[in-house]
2 protein chains.
Amino acid sequence: MKTDDSVNRCDFERIAGGKIVSAQGGGFDDCPVRAVIANIGGKWISLIMLALADGPQRFGALRRMLPDISQRMLTQTLRDLQRDGYVHREVFPTKPPSVEYSLTDLGRSMYGPLRDLVLWAERNHGAVVAARARFDTAEG
Amino acid sequence: MKTDDSVNRCDFERIAGGKIVSAQGGGFDDCPVRAVIANIGGKWISLIMLALADGPQRFGALRRMLPDISQRMLTQTLRDLQRDGYVHREVFPTKPPSVEYSLTDLGRSMYGPLRDLVLWAERNHGAVVAARARFDTAEG
DNA sequence: CGGCATCCGTTGCGATACTG
DNA sequence: CAGTATCGCAACGGATGCCG
């Protein structure tokens, strides 16, 4: 009866049961949670996903959307997203060259849950900041 | 008018519109997306949230659930989660002392979206790994 | 049992300068 | 316009050892 499909994962047999199957080799790529979430956690990944959610964007446009990103990180982050199959990169051999980035189907499908998390973040940002302040002052 | 509740956020006025309001000071805590997602991205945060989702756990129990976490990171990550108001820490002055960690209401509320993302990760982990392999071999 | 301190390697990320 | 290359610092994260 368990709706156990909701809590099975990773090294965990049934995570809430407190049982671990193994800490086998690999141990990182083998774990979906880590392999995927670790990337999303990057400083810029989520913002870029959001920026691309509405449609393709050129490199320069993205750069303008993320005012305080360095061009190094924009390039690198887009690379990572492309590598993981979230983003498609298309080069137009114009003169000067232009490159367009867009979400793949995979990217769009992960954008759903990501957006929900982002919306949660917006709604509860205040609560988190408050909790943080409370904690910090309590510590002195 | 706008269905703007879906894409308004952060420094962005309307993110997909390509318009940025400002890159004002603060620039990090001010941005819900970064302030919240950045933490979730930590190597262990998501796993610990999952571990606590079913109910309170003691320090040692959590440690056993996460086989390859160092005790340093477990302590530190729990601290961060507590600071942000996701986790409640209760000390029982037994002998020897025991400490119990549990999700707060805020923690449970963020667990929802987080779990969806985790489920997505499980389901699409294969696709991501495949895309990654494809990309890497293409690069040679 | 639970947790802090220290040391130390690794990675993330920014600044700057150069290329097709 | 859209990158790549190099540098350097700071944060992350693991190992070990001491303490209530």
Side-chain angles (χ1 to χ4, degrees), chain A residues 18 23 25 27-29 31 34-35 37-48 51-52 56-84 87-102 135 139-140, chain B residues 18 23 25 27-29 31 34-35 37-48 51-52 56-84 87-102 139:
Chain A
F28 201 100
D29 283 351
C31 176
R34 288 192 201 165
I37 308 282
N39 295 5
I40 293 170
K43 191 171 178 182
W44 301 104
I45 279 89
S46 55
L47 264 357
I48 293 183
L52 289 174
Q57 296 290 346
R58 294 187 43 190
F59 187 89
L62 287 171
R63 210 173 157 178
R64 260 165 272 125
M65 286 189 224
L66 293 322
D68 50 357
I69 193 174
S70 65
Q71 141 272 36
R72 182 191 189 281
M73 287 320 292
L74 181 54
T75 301
Q76 182 178 303
T77 306
L78 284 167
R79 275 289 196 152
D80 292 344
L81 289 171
Q82 187 193 356
R83 188 171 106 101
D84 283 11
V87 162
H88 173 68
R89 177 176 184 267
E90 184 144 20
V91 182
F92 296 96
T94 55
K95 192 180 74 111
S98 79
V99 181
E100 199 175 80
Y101 293 90
S102 55
F135 184 91
E139 302 276 289
Chain B
F28 200 100
D29 282 351
C31 176
R34 287 192 202 166
I37 308 281
N39 295 6
I40 294 172
K43 191 172 178 181
W44 301 104
I45 281 90
S46 55
L47 263 359
I48 293 182
L52 289 175
Q57 296 289 347
R58 293 187 44 190
F59 189 89
L62 287 172
R63 212 175 155 176
R64 261 166 271 125
M65 287 189 225
L66 291 323
D68 49 357
I69 194 175
S70 65
Q71 144 270 36
R72 182 191 190 281
M73 287 321 293
L74 181 54
T75 301
Q76 182 178 304
T77 306
L78 283 167
R79 275 295 217 199
D80 292 343
L81 290 170
Q82 186 193 355
R83 187 171 107 101
D84 283 12
V87 163
H88 173 69
R89 178 177 185 268
E90 184 145 21
V91 182
F92 296 96
T94 55
K95 191 181 74 106
S98 78
V99 181
E100 199 175 79
Y101 293 90
S102 56
E139 301 277 289

Earlier contact from the 5' end, DNA chain D, for A:Val99 and B:Ser70: A:Val99
Which sits closer to the 5' end of DNA chain D, B:Gly42 or B:Pro97, going by the nucleotide each is nearest to? B:Gly42
Could you tell me how far apart [X] ([atom1]) and [N] ([atom2]) are, to the nearest whole angstrom?
X       : N      : atom1 : atom2 : answer
A:Ile45 : C:dT11 : CD1   : P     : 16 Å
B:Ile69 : C:dG2  : CD1   : P     : 14 Å
B:Arg64 : C:dC1  : CZ    : C1'   : 10 Å
B:Gln82 : C:dG2  : CD    : C1'   : 14 Å
A:Arg58 : D:dG3  : CZ    : C1'   : 13 Å
A:Leu74 : C:dC13 : CG    : C1'   : 13 Å
A:Lys43 : D:dA10 : NZ    : P     : 14 Å
B:Phe59 : D:dG20 : CZ    : P     : 18 Å

Strictly below 4.0 Å: does [X] bring a side-chain N or O up to OP1 or OP2 of [N]?
X        : N     : result
B:Arg79  : C:dG3 : no
A:Tyr101 : D:dC1 : no
B:Arg89  : C:dG3 : yes

Given B:Val87, which of B:Ile48, B:Thr77, B:Leu81 fulfils the side-chain contact (heavy atoms from CB on, under 4.5 Å) condition? B:Leu81
The reported gap from CD in B:Gln76 to CD1 in B:Ile69 (rounded to nearest 0.5 angstrom) is 9.5 Å
Distance, nearest 0.5 Å, that separates CZ of B:Arg89 from OG of B:Ser102: 11.5 Å
Let me spell it out: for each of A:Trp44 and A:Pro96, pick the nucleotide of DNA chain C with the closest heavy atom. Which residue's pick is nearer the 5' end? A:Trp44
Looking at every strand, decide which applies to [X] at a 4.0 Å heavy-atom threshold: base, sugar-phosphate, or nothing.
X       : value
A:Gln71 : base
B:Phe92 : nothing
A:Arg63 : nothing

In the structure I gave you, are the side-chain heavy atoms of B:Gln71 and B:Phe59 within less than 4.5 Å of one another anywhere? yes
Between D:dC7, C:dG3, D:dG14, spot the one nearest the side chain of A:Arg72, thanks. D:dC7
Testing D:dG14, D:dA2, C:dG14 for proximity to the side chain of B:Met73, the answer is D:dG14
Donor + acceptor pair across side chains of B:Asn39, B:Asp84 (<3.5 Å): yes
